[in-house]
Peer 1: 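Got a structure here, written out as structure tokens. Questions coming.
Values in this document were obtained by computation on a predicted structure and should not be read as measured data.
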Amino acid sequence: YFISKKSHNEKAGIIAAALLSVTMGFIFHAHLSTNDVPVTFFITLSLLFCIQFVHSNNYRFFFLATLISGLSTSTKYTAAIIIFPIILSYFINKRLSSITISIIFDKRILIGVIIFLFGFILGTPYALLKISDFKIDVTKVFLSRDTYKGFVDEGYSWKNNVANLNISLGLPLFTLSLLGLLYSLYKPTKYKIILLSFIIPYFIVIGTFKRDAMRWVLPLIPPLIILTGYLISDMMNHKKKFFKAVFAGGFLFVFFYSLIYTIVADTVFYTDSRNQAGKWMIENISINSTIEHYSAPLRGYLPYLPKT
């Protein structure tokens, strides 16, 4: 809401907040203990500070953005892409005509880097306390971009990530968000460019992974919804009544469709097949039986069974 209100208008903020509140993938993953939810929060908060920095030219927001970006990167390393909007917001405020080689000696850049590192160490202190272990773990993260051992290598996952966005948003909102993305590319503003400078690089990077998960596209949802809010707000303010009627009606349809879609998806937590399978196994299979199951990396997909 605040990002849209600050960068566009209040109507866009209300629309974006309303749509996000009924976005299935966003609500669904909020139930789960994964780092994708807090990293989405930190990324969105950092984008807010970037927008406020460009709006006010107050470097307090620039430093807040670097601090939060450090925390987001410590939460999940792919969040380091948030650095692009921060750098871009700095250049926008500097204006291209005034940029010279002396920019690398700007003390505010150095302070921003220090604050970023402070935020990262604050969230991941072992990176400093156990540097050798940290290097090993970072290497493992980059190696884990490949597919799981024993599974077919289907190549890069850009196509699958588009499908995951479709599932997360639902087809109507997914279609509307694509229109919002195209609209922002067609009619860019400095605020839209800041959001796009995260959306596009992040999508490219996670697409290089040779495996995918719906939760990995979660950080893309808030900025995409914001761009959608821009589109609907502008069309509802259009001079022609036809556009006003179409997009007002479209917004209401997408909102209520998404609400029902989210409610139905949430029922999965009451009818989880893993719980049902676990219950059936306890009731029908003897205690000393041996059951063949998936390998360790996919243990989360196994039926839930008591430890004793």
Peer 1: Would you kindly confirm whether Val264 and Val22 end up in one hydrophobic cluster when ILVMFWY residues are joined by side chain heavy atoms under 4.5 Å apart?
Peer 2: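 Different clusters: Val264 never reaches Val22 through Ile, Leu, Val, Met, Phe, Trp or Tyr contacts under 4.5 Å.
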Peer 1: Between Thr44 and Thr40, does a side-chain contact (heavy atoms from CB on, under 4.5 Å) hold up when you go through it step by step?
Peer 2: CA-CA 6 Å; Thr44 308; Thr40 299; 4.2 Å; yes
Peer 1: Would you check if His29 and Asp36 make a side-chain contact, meaning some heavy-atom pair closer than 4.5 Å?
Peer 2: no
Peer 1: Flag the pair Phe84 / Ile194 as yes when at least one side-chain heavy-atom distance between them is below 4.5 Å, and no otherwise.
Peer 2: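 No, their side chains stay 4.5 Å or more apart.
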Peer 1: Any side-chain heavy atom of Phe61 within less than 4.5 Å of one from Ser56?
Peer 2: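 SC-SC contact between Phe61 and Ser56 confirmed.
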Peer 1: If you measure from CG on Leu176 to CG on Leu169, what distance do you get to the nearest 0.5 Å?
Peer 2: 10.0 Å
Peer 1: Do Asn93 and Asn57 pair up side chain to side chain, a donor and an acceptor below 3.5 Å, judged on atom types alone?
Peer 2: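 Distance-only check passes for Asn93 and Asn57.
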Peer 1: Do Tyr186 and Val246 share a hydrophobic cluster, counting only Ile, Leu, Val, Met, Phe, Trp and Tyr and linking them when any side-chain heavy atoms are less than 4.5 Å apart?
Peer 2: no
Peer 1: Strictly distance-based, threshold 3.5 Å: is any side-chain N or O of Thr262 a donor or acceptor partner for the main-chain N or O of Met24?
Peer 2: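 Checked: pair present.
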Peer 1: For a quick test of reading the model, state the closest non-hydrogen atom pair linking Tyr1 to Gly13 and the distance between them.
Peer 2: CD1-C, 3.4 Å
Peer 1: Is there a side-chain contact between Leu47 and Pro85 (heavy atoms, below 4.5 Å)?
Peer 2: yes
Peer 1: Considering only distance and modelled atom types, tabulate donor-acceptor pairs under 3.5 Å from the side chains of residues 113-131, sequence neighbours left out.
Peer 2:
{"from": "Thr124", "atom 1": "OG1", "to": "Ser74", "atom 2": "O", "distance (Å)": "3.3"}
{"from": "Tyr126", "atom 1": "OH", "to": "Asp137", "atom 2": "OD2", "distance (Å)": "2.7"}

Peer 1: What is the minimum heavy-atom distance between Ile82 and Ser46, and which atoms define it?
Peer 2: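 Ile82 and Ser46 have their closest heavy atoms at CG1-OG, 3.5 Å.
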Peer 1: Got a second to check how far Ile221's CD1 is from Leu165's CG, nearest 0.5 Å?
Peer 2: 6.5 Å
Peer 1: Please say yes or no: joined through hydrophobic side-chain contacts below 4.5 Å, possibly via intermediate residues, are Trp280 and Tyr270 part of one cluster?
Peer 2: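 Different hydrophobic clusters.
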Peer 1: Taking all non-hydrogen atoms of both residues into account, name the closest pair between Leu19 and Thr23 and its distance.
Peer 2: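 Heavy atoms only, the tightest pair is O-OG1, 2.7 Å.
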Peer 1: Who passes side chain to side chain donor-acceptor pair (under 3.5 Å) against Asn275, sequence neighbours left out?
Peer 2: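 With sequence neighbours excluded, Asn275 shows a side chain to side chain donor-acceptor pair (under 3.5 Å) to no residue whatsoever.
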Peer 1: What orientation do His238 and Phe243 show, parallel under 30°, tilted 30 to 60°, or perpendicular over 60°?
Peer 2: tilted
Peer 1: Using distance alone, with no hydrogens and no angle criterion, decide if Ser286 and Ser289 have a side-chain donor and acceptor under 3.5 Å apart.
Peer 2: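 Ser286 vs Ser289: donor-acceptor pair found between side chains.
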Peer 1: May I have the list of side-chain donor-acceptor pairs in residues 222-234 shorter than 3.5 Å, sequence neighbours left out?
Peer 2:
{"from": "Thr228", "atom 1": "OG1", "to": "Leu224", "atom 2": "O", "distance (Å)": "2.9"}
{"from": "Tyr230", "atom 1": "OH", "to": "Ser7", "atom 2": "OG", "distance (Å)": "2.4"}
{"from": "Ser233", "atom 1": "OG", "to": "Asn9", "atom 2": "OD1", "distance (Å)": "3.0"}
{"from": "Ser233", "atom 1": "OG", "to": "Asn9", "atom 2": "ND2", "distance (Å)": "3.1"}
{"from": "Asp234", "atom 1": "OD1", "to": "His8", "atom 2": "NE2", "distance (Å)": "2.7"}
{"from": "Asp234", "atom 1": "OD2", "to": "His8", "atom 2": "NE2", "distance (Å)": "3.4"}
{"from": "Asp234", "atom 1": "OD2", "to": "Tyr183", "atom 2": "OH", "distance (Å)": "2.5"}

Peer 1: Side-chain contact, heavy-atom cut-off 4.5 Å: Thr175 with Leu178?
Peer 2: no
Peer 1: Can you tell me how far CG of Leu220 sits from OH of Tyr202, rounded to the nearest 0.5 angstrom?
Peer 2: 6.0 Å
Peer 1: List the steps and the verdict of side chain to side chain donor-acceptor pair (under 3.5 Å) for Asn237 and Lys244.
Peer 2: CA-CA 7 Å; Asn237 291 331; Lys244 288 184 178 181; over 6 Å; no
Peer 1: Are any non-hydrogen side-chain atoms of Trp216 and Thr34 less than 4.5 angstrom apart?
Peer 2: no
Peer 1: How about Phe41: does its CZ atom have over 12 heavy atoms from other parts shown lying under 6.0 Å from it?
Peer 2: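 Not buried by this count: 12 neighbours or fewer within 6.0 Å.
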Peer 1: Is it possible for you to say whether Phe247 and Leu252 belong to one hydrophobic cluster, with membership spreading through side-chain heavy-atom contacts below 4.5 Å?
Peer 2: yes
Peer 1: Any idea how Tyr191 and His55 line up, ring-wise: parallel (<30°), tilted (30 to 60°), or perpendicular (>60°)?
Peer 2: tilted
Peer 1: Asn35 side chain to Lys76 main-chain N or O, any donor-acceptor pair under 3.5 Å?
Peer 2: no
Peer 1: Of all the heavy-atom pairs spanning Ser72 and Val39, show the shortest one and how long it is.
Peer 2: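 That closest heavy-atom pairing would be O-CG2, 3.4 Å.
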Peer 1: Answer yes or no: is there a side-chain heavy-atom contact under 4.5 Å between Ile27 and Asp266?
Peer 2: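 Yes; the side chains approach each other to less than 4.5 Å.
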Peer 1: Any chance you could measure Ile204, atom CD1, to Asn161, atom CG, to the nearest 0.5 Å?
Peer 2: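 It is 12.0 Å, given to the nearest 0.5 Å.
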Peer 1: Can you check side-chain contact (heavy atoms from CB on, under 4.5 Å) on Phe174 and Val162, steps first, answer last?
Peer 2: CA-CA 9 Å; Phe174 174 71; Val162 172; 3.8 Å; yes
Peer 1: Could you check whether atom CZ of Phe2 has more than 12 heavy atoms from other residues, nucleotides or ligands sitting under 6.0 Å from it?
Peer 2: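 Not buried by this count: 12 neighbours or fewer within 6.0 Å.
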Peer 1: Please step through ring-ring contact (aromatic ring centres under 6.0 Å, His included) for the pair Phe63 and Phe49, ending with a clear verdict.
Peer 2: CA-CA 9 Å; Phe63 296 137; Phe49 289 137; over 10 Å; no
Peer 1: List for me each residue that meets side chain to side chain contact (heavy atoms under 4.5 Å, CB included) alongside Ile87, sequence neighbours excluded, and say none if there are none.
Peer 2: Ile83, Phe91
Peer 1: Is there side-chain contact between Tyr261 and Ile167, with at least one heavy-atom pair below 4.5 Å?
Peer 2: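 Yes - at least one pair of side-chain heavy atoms lies under 4.5 Å apart.
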Peer 1: Could you walk me through whether Asn164 and Arg215 pass the side-chain contact (heavy atoms from CB on, under 4.5 Å) check?
Peer 2: CA-CA 8 Å; Asn164 285 328; Arg215 58 189 173 86; over 6 Å; no
Peer 1: Measuring from atom CD1 of Ile81 to atom OG of Ser69, what distance do you get when rounded to the nearest 0.5 angstrom?
Peer 2: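 Going from the CD1 atom of Ile81 to the OG atom of Ser69 covers 12.5 Å.
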Peer 1: Using ring-ring contact (aromatic ring centres under 6.0 Å, His included) as the criterion, list what pairs up with Phe62, not counting sequence neighbours.
Peer 2: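 Partners of Phe62 by the ring-ring contact (aromatic ring centres under 6.0 Å, His included) criterion, ordered by chain and then number, come out as Phe53, Tyr59, Tyr90.
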Peer 1: Quick one: CG on Leu173 to CG on Asn166, what's the gap to the nearest 0.5 Å?
Peer 2: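 These two atoms lie 10.0 Å from each other.
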Peer 1: Would you name the heavy atoms of Gly207 and Tyr156 that are closest together and state the gap between them?
Peer 2: O-CB, 3.2 Å
Peer 1: Taking it one step at a time, do Trp158 and Phe203 satisfy side-chain contact (heavy atoms from CB on, under 4.5 Å)?
Peer 2: CA-CA 7 Å; Trp158 291 300; Phe203 179 79; 3.8 Å; yes
Peer 1: With sequence neighbours excluded, what pairs up with Arg60 under the side chain to side chain contact (heavy atoms under 4.5 Å, CB included) test?
Peer 2: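 Only Asn58, Leu64 meet the side chain to side chain contact (heavy atoms under 4.5 Å, CB included) criterion with Arg60.
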Peer 1: For Ile206 versus Ser157, what's the shortest heavy-atom pair and its separation?
Peer 2: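 Of all heavy-atom pairs spanning Ile206 and Ser157, the closest is O-OG, 3.1 Å.
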Peer 1: Please confirm whether the backbone N or O of Lys192 pairs with a side-chain atom of Thr189, one donor and one acceptor, at under 3.5 Å?
Peer 2: yes
Peer 1: Taking everything shown except Phe256 itself, do over 12 heavy atoms lie less than 6.0 Å from its CZ?
Peer 2: no
